[in-house]
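All remarks here apply to the structure that follows.
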Amino acid sequence: MKQKRFILDEKEIPTHWFNMQAVMPNKPMPILNPATREALKPEDLYPIFCEECSKQELDQTNEWIPIPEAVREQYASYRSTPLVRAYELEKALGTPAHIYFKNESVSPSGSHKLNSALAQAYYAKMQGVTNITTETGAGQWGGSLSYAAQKFGLECAVYMVKSSFNQKPYRRSIMQTFGAAITPSPSMSTRAGKDLLTINPNDQGSLGCAISEAIELALSTPNCKYTLGSVLNHVSLHQTVIGLEAEKQMEMAGEYPDMVIACFGGGSNFSGIAFPFMRHNIQKGKKTRFIAAEPSACPKLTRGKFEYDFGDEAGLTPLLPMYTLGHSFKPATIHAGGLRYHGAGVILSQLMKDGFMEAQDFPQTETFKAGVLFARTEGIIPAPESCHAIAATIKEALKCKESGEAKTILFCLSGHGFVDMGSYDRYFTGEISDFNLSNEEIAKFIESADKLNK
Ligand SMILES: *Cc1c(COP(=O)(O)O)cnc(C)c1O
C-alpha cells in the first residue's frame with residue numbers, strides 16, 4: 001500500500017518559528033504613525049498589543065524565534081497536522097502531478113488560526129494581562145482566540161459584527177462553548193458603538209466598527225490587550241509552524257514542492273506554509289513557485305496597488321505599506337468571509353513586489369466546484385476560504401496534465417467547512433453568483449489610499 005499520510009513525532013514539532021523579515025533581500029518599508037509620519041517603534045504598539053508581539057512585529061534581525069514551551073505543549077494536542085498525498089484527487093483529475101495538502105483543519109477550532117491565537121494568549125498571560133479582546137466577522141478567529149484564552153486562564157471578550165451574530169449562531173455557540181463573552185457590534189459598551197447606535201439604532205455593524213470597539217476596550221481597560229488573527233507580521237511568524245512541519249514531512253515523502261499554494265485573506269496561512277520554503281529560494285537558489293489564491297470579489301494582489309494605507313476602515317491603525325484596494329473598499333458578501341479584507345500583510349506585499357510570489361483570483365462558483373470535488377475524493381469538506389487554494393491547485397494540476405509534467409504541488413487546507421454548510425446549501429441550489437468588479441470601481445476605492453500617499 002502506498003503511504004498517504006505523513007505525521008511527525010511529538011519531539012519533531014518545531015522548536016522555533018521562522019522570521020522571514022530577517023532574510024528578505026529588501027526589508028519591508030517602515031510602518032508609519034499617521035499623524036507624524038515617523039516610523040513606528042515597538043513601544044508605540046505596547047498600549048494595544050502585548051510587548052512580545054510588538055517586538056516580533058518589527059524584528060528584522062532574528063531569523064529564528066523560540067516557540068515557548070507552554071505553546072509547544074498546546075501545539076502537541078493537534079500537531080503535527082497531517083501532510084496528505086491526495087491520490088484520489090489526482091486520479092479524478094487524471095493528472096501526472098503529485099498533489100499534497102497540509103491539513104490545518106484538525107485543530108480544535110477547525111482552522112490554522114489557533115497557531116497564532118495560542119501564542120498571543122500565552123504572551124498576554126506572561127505579561128500579567130488578564131483580559132484579551134478582538135473582533136470577529138465570520139467567527140473563525142473569535143473561536144480560536146476563545147479556546148486559546150481559556151487554555152491560558154484569560155478572560156476573552158469578542159466583538160462580533162451584529163449581522164454575523166444573528167446569521168451565524170453556531171460560530172457564536174462555538175465561542176461560548178470555549179468560554180468567551182460575545183458582544184454584538186455596534187454595542188452600547190464603547191464610545192465608538194454608542195456613536196453609531198445614536199445615529200442608527202438598527203446599525204448591523206461592520207468589521208471596521210468591531211475593530212474600533214475592541215481597540216477602545218483594550219485602551220480603556222487596565223490589563224486588557226487587543227489581538228488580531230491575520231495581516232500582522234507576528235501572526236505570519238506564528239503560522240510558519242505549518243511550513244516548517246511540511247518541510248520535514250515532504251522530506252519523509254521523498255519530495256520537494258515545485259509549487260506551494262494557499263488561499264489569501266490577510267496572508268497568514270499563505271505565509272505559514274510558504275515562508276519556510278521561500279527561504280530556500282532566497283538562500284539556496286531553489287525555484288519553487290508560490291501562488292496566492294484570492295477571490296475575484298476582493299483582488300488586492302492581482303488588481304490592487306502597492307502604497308501606504310490604513311489597516312482598517314475607520315483609519316485607527318498605523319499606515320501600512322501594502323497591496324491594497326483602499327481602506328474604504330466594500331467587498332461583495334462572498335461566502336469566503338475570511339478573504340474579504342482590503343489589504344495584504346506588509347512582508348507579503350514586499351515579496352509580491354519583488355517577484356518572489358504570484359497571485360491568481362477565482363470567482364466563488366469555481367471555488368465551490370473545486371471544494372465539492374475535493375470533498376468527494378479526499379473526504380474532507382473544506383472551508384469556503386480553503387476552496388480557493390483547491391481551485392488554484394486543480395488549475396495547476398490540469399496544466400500538468402496538458403504538458404505531461406509530473407510537478408509536485410503542496411497546498412494548505414486552512415480549515416474545514418462544517419460550520420459553513422449553509423454556503424454549500426446555497427451553492428447546490430444555484431443561489432451563489434459571481435461578482436464582477438470593474439476597473440473603474442476598483443480605482444475609485446483605491447483613491448481612499450491614494451489620498452494618504454500625496
Ligand atoms: C481566516 C481564514 C483564512 C484567511 O486568513 P489568512 O490570514 O489569509 O490565512 C483562510 N482560511 C480559513 C479557514 C480562515 O479561517
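In listed order, ligands and their atoms are each counted from 1. Owing to the predicted nature of the structure, the values given are computational and were not obtained by experimental measurement.
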Examine V231 against ligand 1 and note whether any of their N/O atoms are separated by less than 3.5 Å.
no
Looking only at distances, can you tell me whether any N or O atom of A383, backbone or side chain, sits closer than 3.5 Å to an N or O atom of ligand 1?
no
Measure across R5 and P82 and return the closest heavy-atom pair with its distance rounded to 0.1 Å.
NH1-CG, 3.9 Å
Give a yes or no on whether a salt bridge exists between R79 and E245, defined as a side-chain N under 4.0 angstrom from a carboxylate O.
yes
So which atom in A370 and which in I390 form the shortest heavy-atom distance, rounded to 0.1 Å?
O-CG2, 3.7 Å
One finds that the ligand 1 atoms under 4.0 Å from a non-hydrogen atom of G415 are 13 (C)
To which protein heavy atom is atom 8 (O) of ligand 1 closest, and what is the distance rounded to 0.1 Å?
G265 N, 2.6 Å
Can you tell whether the side chains of R171 and D420 come within less than 4.0 Å, N to carboxylate O?
yes
To which protein heavy atom is atom 7 (O) of ligand 1 closest, and what is the distance rounded to 0.1 Å?
S230 OG, 2.5 Å
List the closest protein heavy-atom neighbour of atom 4 (C) of ligand 1: residue, atom name, distance to the nearest 0.1 Å.
G338 O, 3.4 Å
What do we get for Q239 next to ligand 1 when only non-hydrogen atoms under 4.0 Å count, side chain, backbone, both or neither?
neither
Hey, are E90 and R85 close enough for a salt bridge, meaning a charged N less than 4.0 Å from a carboxylate O?
yes
In the protein, what heavy atom is nearest to atom 13 (C) of ligand 1, and what distance, to one decimal place, separates them?
S414 OG, 3.4 Å
Give me the residue, atom name and distance of the protein heavy atom closest to atom 14 (C) of ligand 1.
K113 NZ, 2.8 Å
Atoms in ligand 1 with a heavy atom of C263 nearer than 4.0 Å:
10 (C), 11 (N)
contact_flag H112 ligand 1 heavy-atom lt 4.0 Å
yes
Note: R303-D361 ion pair, threshold 4.0 Å (strictly below):
no
Assign the ring pair F18 / W64 to parallel, tilted or perpendicular, where the plane angle (0 to 90°) is split at 30° and 60°.
tilted
Counting heavy atoms only, which part of W141 comes closer than 4.0 Å to ligand 1: side chain, backbone, both or neither?
neither
In this structure, which one of Q21, H238, E51 forms a side-chain hydrogen bond (donor to acceptor under 3.5 Å, both in side chains) with Q56?
H238
So the atoms of ligand 1 within less than 4.0 Å of a heavy atom of E385 turn out to be 10 (C), 11 (N), 12 (C)
Under 3.5 Å: donor-acceptor pair, side chain of T95, backbone of A397
yes
